[in-house]
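Presented below is the structure to which this report refers.
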Number of protein chains: 2
Amino acid sequence: MGRVTALSAGGEQSRSAPLTAAQTRIVNAALELFARHGVGGTSLQMIADRIGVTKAAVYHQYRTKDEIVLAAAEAEVARLDTVMDAAEAESNRARVRAALLRGIVDLAVERRRTTSTILGDPVVAQLLAHDAGFRQVTDRLYRLLMGDEASSDAYVRAAMLTAAISGAVMHPLVVGLDDDTLREQLLNLARRFLELREPRARRKRPATRRAAKR
Amino acid sequence: MGRVTALSAGGEQSRSAPLTAAQTRIVNAALELFARHGVGGTSLQMIADRIGVTKAAVYHQYRTKDEIVLAAAEAEVARLDTVMDAAEAESNRARVRAALLRGIVDLAVERRRTTSTILGDPVVAQLLAHDAGFRQVTDRLYRLLMGDEASSDAYVRAAMLTAAISGAVMHPLVVGLDDDTLREQLLNLARRFLELREPRARRKRPATRRAAKR
DNA sequence: GTCTATACGCGGATAGAC
DNA sequence: GTCTATCCGCGTATAGAC
């Protein structure tokens, strides 16, 4: 199971092409601006001004704004990849899922003003849906979460769980909560949601492991 | 509490100023285009072209694009208001919550390609956060969902539940599922998530009380 | 009350010089 | 790699026609 993926020393990104110095400057500036003004509210001019160059100079590095958005999003996604690497090092499937859940919640809370703003944008979602590297990461995530189950129940469950975590951290209802409280409650509820079993056997510890229904 | 709002014949909206004929045409066109191209990807020109007028004619009805987005969003939110009206007619609190949950899930699935695309947009969320009528609706929703509970657990729970439902319906994992299946699974899991109780004897003080002001 | 004509500034995008 | 110059579409804005 333990597939080792090569990570760059900077830890900035893993699969896509390594960034040049100029590109790194652009992506970092973009990440800060996206978090503050949203993706649509950030212009190439703002990015250029922040670095101290002209709009066309930025344009020379990335031929379109979408490419910048994609590069910035991939930098965030790379963090998820790292979390999965760590989780996958655990010994059995239950431990892997537990470590993964904790890692995801930690990540979501830690970057509740950054990642969610970027990855939550519908334009970004559209872009990432067509990105091979990103799909690789999400596929891995869903496989780790649901195992080999392919039922509609498993799909909906995984969709709800990821949507709940990423959506809750930037939800208006919880803006007043500090990171520690949010993380604790989120992990607690997410864990129990993931452990929900089919309504048949209600909270009755089954003695034997149920046969894979598949 | 059960305020009866006058609904236009089309059932389009409830609390804000009633729309003129021209405004209704614009909002309807905007809703279709937003669902297809996203909010940021829809220009005033597209809206004007679809109705068969000039851009300036549209601008004459709504002085800014944000006003159009707001009007369109409110038309969607009005549906939620109707669902809450129906749920609140139930006899006791448990029944109200059950009817509400079913109504929310039905609504989310029915408009899985419309509502979520519009209300999920961060720009729209920002706009709605400053809209009095919208906050009234969401406050009512959260009160019906959580009762009078004001604990951080209740906040996180409500945030996760609403995020899970609205986020799951447009999640890549479930695009292949038909509406009936999605609705059934979603309702089932949402119901059980809402019924989760606080586990006993599991207290670990965070101790550090930091001012959560941001 | 609904629309047209026209214009301004900004944003993304491109070509070519240094 | 970075620049200037230029293009077109977009949101915004005003004045006025029916």
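Just so it is clear, the structure is predicted and the values come from calculations on it, not from any experiment.
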Test: [X] and [Y] ion pair at under 4.0 Å:
X: B:R140; Y: B:D81; answer: yes
X: B:K55; Y: B:D49; answer: no
X: B:R143; Y: B:D139; answer: no

Could you list the donor-acceptor pairs under 3.5 angstrom formed by side chains in residues 115-130 of chain A, with sequence neighbours left out?
unit_1	atom_1	unit_2	atom_2	d
A:T115	OG1	A:E76	OE1	2.5
A:T117	OG1	A:R113	O	3.2
A:D121	OD1	A:V123	N	2.8

All N/O donor-acceptor pairs, side-chain side in residues 29-41 of chain B, below 3.5 Å, sequence neighbours left out:
unit_1	atom_1	unit_2	atom_2	d
B:E32	OE1	B:R50	NH1	2.3

At under 4.0 Å between heavy atoms, how does the protein contact nucleotides 2-15 of chain C? Give one character per nucleotide, 5' to 3', with B, S or -. BBBB-----SBBB-
Distance check needed: C:dG1 C1' versus B:L19 CG, whole Å only.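 Value for this atom pair: 15 Å.
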